[in-house]
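Encoded as structure tokens, the structure appears first; notes follow it.
Nothing here was measured: the structure is a model prediction, and the numbers come from that model.
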Amino acid sequence: MTKIFDDPAQFADDALDGFVAANRQYVARVDGGVVRSTESPEGQVALVIGGGSGHYPAFAGLVGAGLAAGSACGNMFASPSAGQVYRVAKASQSGGGVLLSYGNYAGDVLHFGQAQDKLNAEGIETRTVLVTDDIASAPLEEIGKRRGIAGDLTVFKVAGAAAEAGLDLDEVERLAIKANHHTRSLGVAFAGCTLPGAAEPLFTVPEGMMSVGLGIHGEPGISEQPLPTASELAQLLVDGLLKDKPDAAGTRVVPILNGLGTVKYDELFLLFGRIEALLAGAGLEIVEPECGELVTSLDMSGLSLTLFWLDEELEKFWAAPADTPAFRKGNLAPRRARSVESLAEAETTPALAATPASTALAATAVDALKEVRAVVVEHEEALGKLDAIAGDGDHGIGMRRGVDAAVAAAEKSHAAGAGLEELLAAAGEQWAERAGGTSGALWGAAVAAVGRTLGSKDSYSAADAAAAVNALRDAIVDLGKAEAGDKTMVDALLPFADTFSKAIDDGGSLAGSLRAAADAAAKAADATADLSPKKGRARPLAEKSLGHPDPGAVSFGLIASRVADYAATIESS
């Protein structure tokens, strides 16, 4: 259990500040993560990596010469926001373009994707290579759906070395894709991990058992089996990976035995000896292996084995020098320090003209957001526990961080005299910024879309309310790409929007229409217990998810109900 902290909500930021203080020769702090504190050659491709905190040495520990130029660092197990990724990439780039690389998780894909769009729009050519090494998360024929775990290291190392060698963005991207295709991983856990401030782990493993196929965000494995001996465990890991080896795999391989948090190095070394013997017995030649903590999951008791299949080209870049806080190989010439300017937050001042009606409605929006915050706080722990059944358990705390930030931004905008559109834009931006994860991106986009749709008018009608709800729906569906039946928030959202529009069209009041829509959303959220997840972190754990409703759908239903209650109090006053 994580014991050293002041405020659990600030744990990730506090830890990152301390990491920078201990490694100033390598990294500098920027708003959103860390970048190299040393100069990079003009025109060099910038490899920008990242993900949630709690995985050190990934991701900040891999920033330095020969590897990453910067790392966007989200909250605990939560993807960094689009704003964080954008700011880190801006501070990292040297004119040669940016390659974003990260594990294939829905929240990361959303936020890094939005940042990529913004960077490209500004003329900074940006590409993405997803890491998909975890063989337990999808079958080989659906390799594009696999998540990234410790195989991150091989993709990052090859891409970073290619950039260091002066190759252009096309070549760095090609090599990163190739490295990903040649990488396979499988992990096991003996006990779950505990988020800072939490009273219990995200999952537990029965005494005498082992969980197979775990993720690195506190997700449980896809199956359990009796605890094996070291030799039996080595056999399980090696056999599983050899059955899944990539096309054109040769006989030279890099094994990476990765500790996830509390497995001691002596145990890892013992196991590595068994693994090496099995690989040699299979006719494989071991090349520059790694054994230690490389991608962790807080205090999880577990480990993973990665096999990186080499050809001459990949071997060259794997063996190339690198010098970072957590990963060093060979020798590199010292680099000159550079000045990294912090990006100060601008003061909020009204930028858009606002009508009296818009300003008045902005005040109502602040109060509505406070109601949303109240219901999220009330159910934060329950949402986290529900999410931990087949996910990483951070839905409650992520929603709390997002709505706290949204309320603070809304209050600041309202005090500055902002109208509804500007206020909700600020609230949505901060929700996405602070929450991270898929839900943060979706709720941030939805709140901002409502503001844009309502705009600044002289008066507002029921038709405007229906248009706003439709805009909320479209923002979430368009960004998240989920459909009805995927077991996501969308399964509650669609009945809510349809019921509301119909009730308004039938002449219903705003409060009455919201109540009918909220009831439909709650019913639909409950019904997701019978669905099997097709998207998000719960997808690889579909069997565990069955019988339990989707956390995102449940939180949407709770919020819809509280907003309907609030509308009823306004209507009756």
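Between Asp404 and Arg434 there is no salt bridge, since no side-chain N of the basic residue sits under 4.0 Å from a carboxylate O of the acidic one. Looking at Lys316 and Glu312, no side-chain N of the basic residue comes within less than 4.0 Å of a carboxylate O on the acidic one, giving no salt bridge. Looking at Arg147 and Asp134, a side-chain N of the basic residue comes within less than 4.0 Å of a carboxylate O on the acidic one, giving a salt bridge.
Tested against Thr154 for a side-chain hydrogen bond (donor to acceptor under 3.5 Å, both in side chains), the candidates Asn180, Thr183, Asp133 yield a single pass: Thr183. With respect to Ser301, the side chain to side chain contact (heavy atoms under 4.5 Å, CB included) criterion is satisfied by exactly one of Leu260, Val263, Val188, Val205: Val263.
A side-chain N or O of Asp239 and one of Gln235 form a donor-acceptor pair less than 3.5 Å apart. In summary, the side chains of Thr128 and Gln116 do present a donor paired with an acceptor at a separation below 3.5 Å, with no hydrogens or angles considered.
Distance check, rounded to the nearest 0.5 Å: CG of Leu257 to CG of Leu305 gives 6.0 Å.
Remark: Phe272 pairs with no residue by the ring pair (Phe, Tyr, Trp, His ring centres under 6.0 Å) rule, at least two apart or across chains.
Using a 4.5 Å heavy-atom cutoff, the side chains of Leu284 and Trp309 are in contact.
Heavy atoms from other residues, nucleotides or ligands lying under 6.0 Å from CG of Asp6 number 12 at most. Within 6.0 Å of atom CD in Glu39, more than 12 heavy atoms from other residues, nucleotides or ligands are found, so the atom counts as buried in its surroundings.
Pairs engaging residues 158-172 under the side chain to side chain donor-acceptor pair (under 3.5 Å) rule: Arg127-Asp170, Glu164-Arg335, Glu171-Arg174 [sequence neighbours left out].
What you find for Gly552 and His395 is that their closest heavy atoms are CA-NE2, 3.8 Å.
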